[in-house]
Amino acid sequence: TTNPESVGHLRQLAVQLDGTFTATIKIQGRLHPSLAMVDLATVSAPGITAITLPVSDIQLTVSGYASGTIAAWFAGFNAQL
């Protein structure tokens with residue numbers, strides 16, 4: 001599990017996973033820092049996942065890890081088009 005990243009200031013958010021791995025990654029978020037994390041998406045392959053809900057914090061939890069390297073990036077924008 002990663003430490004939660006504060007992303008509440010972003011209107012649009014995406015998570016990109018890269019690498020060659022055998023694992024399941026849960027993308028988790030919460031609406032307010034005082035609330036528990038909830039699952040937003042489950043990913044098992046590299047790619048980009050858009051987070052459509054407004055969240056204050058986001059984190060990744062890895063389970064079923066068998067092999068490989070996982071790299072993750074958070075990207076977002078705070079401008080509304």
Side-chain angles (χ1 to χ4, degrees):
T1 302
T2 60
N3 289 326
E5 265 315 300
S6 177
V7 294
H9 61 285
L10 301 174
R11 292 183 184 262
Q12 298 175 348
L13 178 65
V15 176
Q16 181 171 353
L17 296 175
D18 194 19
T20 303
F21 56 86
T22 302
T24 300
I25 297 99
K26 287 184 181 179
I27 302 171
Q28 300 177 315
R30 59 184 166 205
L31 296 177
H32 188 272
S34 66
L35 299 174
M37 288 287 185
V38 296
D39 296 344
L40 302 174
T42 301
V43 181
S44 58
I48 297 174
T49 302
I51 306 302
T52 58
L53 296 172
V55 294
S56 71
D57 301 292
I58 195 164
Q59 73 180 15
L60 304 179
T61 301
V62 178
S63 63
Y65 176 82
S67 64
T69 301
I70 305 166
W73 290 268
F74 301 129
F77 304 94
N78 60 2
Q80 188 173 12
L81 302 175

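We number each residue from 1, following the sequence as shown.
- With sequence neighbours excluded, no residue forms a side chain to side chain donor-acceptor pair (under 3.5 Å) with S67.
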Report all side-chain donor-acceptor pairs from residues 32-44 shorter than 3.5 Å, counting only partners two or more places apart or in another chain.
from : atom 1 : to  : atom 2 : distance (Å)
H32  : ND1    : S34 : N      : 3.1
H32  : ND1    : S34 : OG     : 2.8
D39  : OD1    : Q28 : NE2    : 2.9

> For T20 and T69, what are the C-alpha separation, side-chain angles and deciding distance, and is it a side-chain contact (heavy atoms from CB on, under 4.5 Å)?
Replying inline: CA-CA 6 Å; T20 303; T69 301; over 6 Å; no
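- Checked against side chain to side chain contact (heavy atoms under 4.5 Å, CB included), A75 has no partners two or more places apart in sequence or in another chain.
- Taken to the nearest 0.5 Å, the CG atom of L13 stands 10.5 Å off from the CG atom of L53.
- Applying the side chain to side chain contact (heavy atoms under 4.5 Å, CB included) test to A14 and every residue at least two apart in sequence or in another chain returns I48.
- Residues in residues 47-73 take part in these salt bridge (charged side-chain N to carboxylate O under 4.0 Å, His left out) pairs, two or more places apart or across chains: R30-D57.
- Nearest heavy atom pair, residue L31 against residue P54, reads CD2-O, 2.7 Å.
- With sequence neighbours excluded, the residues forming a side chain to side chain contact (heavy atoms under 4.5 Å, CB included) with A71 are D18, W73, listed by chain and number.
- Side-chain contact check for I51 versus I27: some heavy-atom pair is nearer than 4.5 Å.
- The shortest distance between side-chain heavy atoms of I25 and Y65 does not fall below 4.5 Å.
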